[in-house]
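Remarks on the structure that follows.
Atoms considered below: every heavy atom in the structure, side chains included; atoms not considered: hydrogens, waters and symmetry mates. Because the structure is a prediction, the values reported are computed rather than measured.
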Amino acid sequence: MLSAESAAIVRATLPVVGASLDAITTRFYETMFSERPELLDGLFNRGNQASGEQRRALAGSIASFATMLLDHPDERPDALLARIAHKHTAVGVTDDQYVIVHKYLFSAIAEVLGEAVTAEVAAAWDEVYWLMAGALIALEARIYAEAGACDGDTWRRWRVVARRDETPDAVSFLLRPADDAPVPPARPGQYVSVRVRMPDGVHQLRQYTLSNAGEDRLRRITVKRVDGDPAGEVSTLLHATVRPGDELTLSAPFGDVTLEDGDAPLVLVSAGIGCTPMVAMLDHLVATGSRRRVLVLHADRSPAEHALREDMLRPAAERIFWYESGAVAPDRAGLMDLDGIEIPDGAVAYLCGPMPFMRDVRARLMRAGVAARDIRYEVFGPDLWLGAD
């Protein structure tokens, strides 16, 4: 809980700090990477740095956390914190790195805001930072413990036993542990980080959803090639170089958007490569003999570009596919439109796809009667939707 004195100062300064967060986080990353370039080797995603997505996600999470502390002083924003904690553990963030971030973040605040940052203002925002950092450190310690790891060391080698081209720009890799050690459990919808050494010697991480239920110690990731450098450098490297017999370095599974047990009907909504968590959920439902009603809704450019299409044609699920071109009945032509589609009463919905797509579908599902609390979403990369209702 934020102290009363600090709460008053944060409330008074939040508009100014919020308006300057983009400048603050820009300065923060510039200075930190200038003085600590090793952080770009195997921790921070330089594609997200180049696009500005990481900066905007950091600014959004700080503003959301501070606002929640003020608006709901007796509640901890667990949903916000859990999403960040899983993103952190997937890349191996450790406790000591919060001290590094604090140093450069508060230096950036002082540089950007100048004399407006009095000792009292700095102390109040310092309290906000350490409340957030302390909660994340505790959550991350628990997540690491559940993964059977400590201090961020979840990495192990996996051997590629098969490669399958799903579409011209999507490929699946079937993986088996390179050693005989036990495989940490994975929940349907979770992702792993893949760590690769790039041609310039720098290690980069990318997260890929496990696109199967993981029986027989086998795991599958499905990778869509993303053109552009550095945003798509890892996916391009995997497509071009990885073959059966090669080994990859993977983290333990992470992610808080996972299929929950229960009897409620399910609506699984995806677009493009966002189908991967939905396929894992379908795989799990089939493997466990679930009798839940399942409605699968997916949008793609064409049947030929629909990765894992055959995996989504599960007999246990109702399904509707939309294609911008090449649609043949019973598929539908054009963009996804829920008009006239019966959404089951009491349904729980899972979304994955581009952010504009998920915003649109979420609004449509709510108009169809799905409660906001029953709509979960997954984002590939930094979550720019943190704090959304």
Side-chain angles (χ1 to χ4, degrees), residues 1-22 24-25 28 53-89 93 95 98 101-102 105-106 109 113 116-118 120-143 146 189 254-258 260 262 264 346 348-351 355 358-359 362-363 365-367 369-379 382-389:
M1 180 185 296
L2 194 61
S3 67
E5 296 81 3
S6 292
I9 294 172
V10 170
R11 190 179 300 277
T13 57
L14 183 57
V16 174
V17 173
S20 304
L21 273 173
D22 188 67
I24 290 168
T25 53
F28 158 69
E53 288 189 357
Q54 187 66 59
R55 182 183 73 247
R56 293 192 294 274
L58 174 62
S61 64
I62 293 171
S64 293
F65 185 77
T67 300
M68 291 177 185
L69 286 179
L70 297 175
D71 294 346
H72 305 283
D74 298 325
E75 300 176 16
R76 193 175 73 172
D78 286 338
L80 171 74
L81 294 170
R83 177 58 60 96
I84 297 171
H86 277 274
K87 298 287 185 183
H88 283 181
T89 51
V93 167
D95 297 0
Y98 283 95
V101 168
H102 178 270
L105 181 60
F106 277 74
I109 291 172
L113 297 182
V117 185
T118 64
E120 293 77 14
V121 170
W125 281 95
D126 189 74
E127 188 176 344
V128 171
Y129 177 85
W130 285 113
L131 280 172
M132 186 173 185
L136 287 171
I137 288 169
L139 277 171
E140 288 158 19
R142 187 167 73 240
I143 294 169
E146 291 172 353
F254 296 103
D256 62 326
V257 184
T258 59
E260 297 181 2
V348 175
Y350 291 85
L351 314 182
M355 191 65 71
M358 291 198 294
R359 285 197 181 101
R362 181 175 183 268
L365 287 171
M366 291 174 66
R367 287 197 295 270
V370 182
R373 66 178 179 274
D374 291 329
I375 303 175
R376 294 84 186 269
Y377 69 94
E378 185 56 275
V379 174
D383 189 349
L384 303 181
W385 209 358
L386 284 171
D389 290 335

Checklist entry - How many angstroms lie between atom OG1 of Thr67 and atom CG of Leu14, to the nearest 0.5 angstrom? => result 4.5 Å
Checklist outcome for this item: Note: Met366 and Ala372 closest approach over all heavy atoms is CE-CB, 3.9 Å
Checklist entry - Does the side chain of Leu139 come within less than 4.5 Å of His86's, by heavy atoms? => result no
Next on the checklist: Is it the case that the side chain of Tyr377 and the backbone of Ala349 share a donor-acceptor pair, with hydrogens and angles ignored and the cut-off at 3.5 Å?
Outcome noted: no
Next on the checklist: Using side-chain heavy atoms (C-beta onward) and a distance below 4.5 Å, is Thr118 in contact with Ile9?
Outcome noted: no
Item to check | Pairwise side-chain contact, Leu81 with Met132, heavy-atom cut-off 4.5 Å (strictly under) | outcome: yes
Next on the checklist: Taking side chain to side chain donor-acceptor pair (under 3.5 Å) as the definition, give me every residue that meets it alongside Ser20, ordered by chain and number, with sequence neighbours left out.
Outcome noted: none
Next on the checklist: Does Val128 form a side chain to side chain contact (heavy atoms under 4.5 Å, CB included) with Leu69? I'd like the steps, not just the answer.
Outcome noted: CA-CA 8 Å; Val128 171; Leu69 286 179; 4.3 Å; yes
Checklist entry - Please walk me through it: do Leu136 and Val93 pass side chain to side chain contact (heavy atoms under 4.5 Å, CB included)? => result CA-CA 10 Å; Leu136 287 171; Val93 167; over 6 Å; no
Checklist outcome for this item: Heavy-atom closest pair (Val10 atom, Ala66 atom, distance to 0.1 Å) is CG1-CB, 4.4 Å
Checklist entry - After noting the C-alpha distance and the side-chain angles of Val257 and Arg83, does the key distance pass the side chain to side chain contact (heavy atoms under 4.5 Å, CB included) rule? => result CA-CA 8 Å; Val257 184; Arg83 177 58 60 96; 2.9 Å; yes
Checklist entry - Measuring from His72:NE2 to Asp74:CG, what's the distance to the nearest 0.5 Å? => result 10.5 Å
Next on the checklist: Which residues pass the salt bridge (charged side-chain N to carboxylate O under 4.0 Å, His left out) test with Glu5, not counting sequence neighbours?
Outcome noted: none
Item to check | Nearest-0.5 Å distance that lies between atom CG in Asp374 and atom CG in Leu365 | outcome: 11.0 Å
Checklist entry - With sequence neighbours left out, what residues match Asp22 under side chain to side chain donor-acceptor pair (under 3.5 Å)? => result Arg55
Item to check | CH2 on Trp130 to OH on Tyr98, rounded to 0.5 Å | outcome: 9.5 Å
Checklist entry - Where is the tightest heavy-atom contact between Ile143 and Ala85, given as atom of each residue plus distance? => result CD1-CB, 3.8 Å
Checklist entry - Are Thr258 and Arg376 close enough that some pair of their side-chain heavy atoms sits under 4.5 Å apart? => result no
Checklist entry - Below 4.5 Å, heavy atoms only, C-beta onward: do Phe106 and Ile24 meet side chain to side chain? => result no
Checklist entry - In Å, rounded to the nearest 0.5 Å, how long is the span from CD1 of Ile84 to OG1 of Thr89? => result 12.0 Å
Checklist entry - Which heavy-atom pair separates Ala124 from Ser6 by the least distance, and what is that distance? => result CA-OG, 3.6 Å
Checklist outcome for this item: Between Glu378 and Met358, the two heavy atoms sitting closest are O-CE, 3.5 Å
Checklist entry - At their closest point, which heavy atom of Leu80 faces which heavy atom of Ser61, and how far apart are they? => result CD2-O, 4.3 Å
Item to check | Interatomic spacing from CZ in Phe254 to CD in Glu146 - rounded to 0.5 Å | outcome: 10.0 Å
Item to check | Beyond-backbone contact of Val101 with Phe28, side-chain heavy atoms, under 4.5 angstrom | outcome: yes
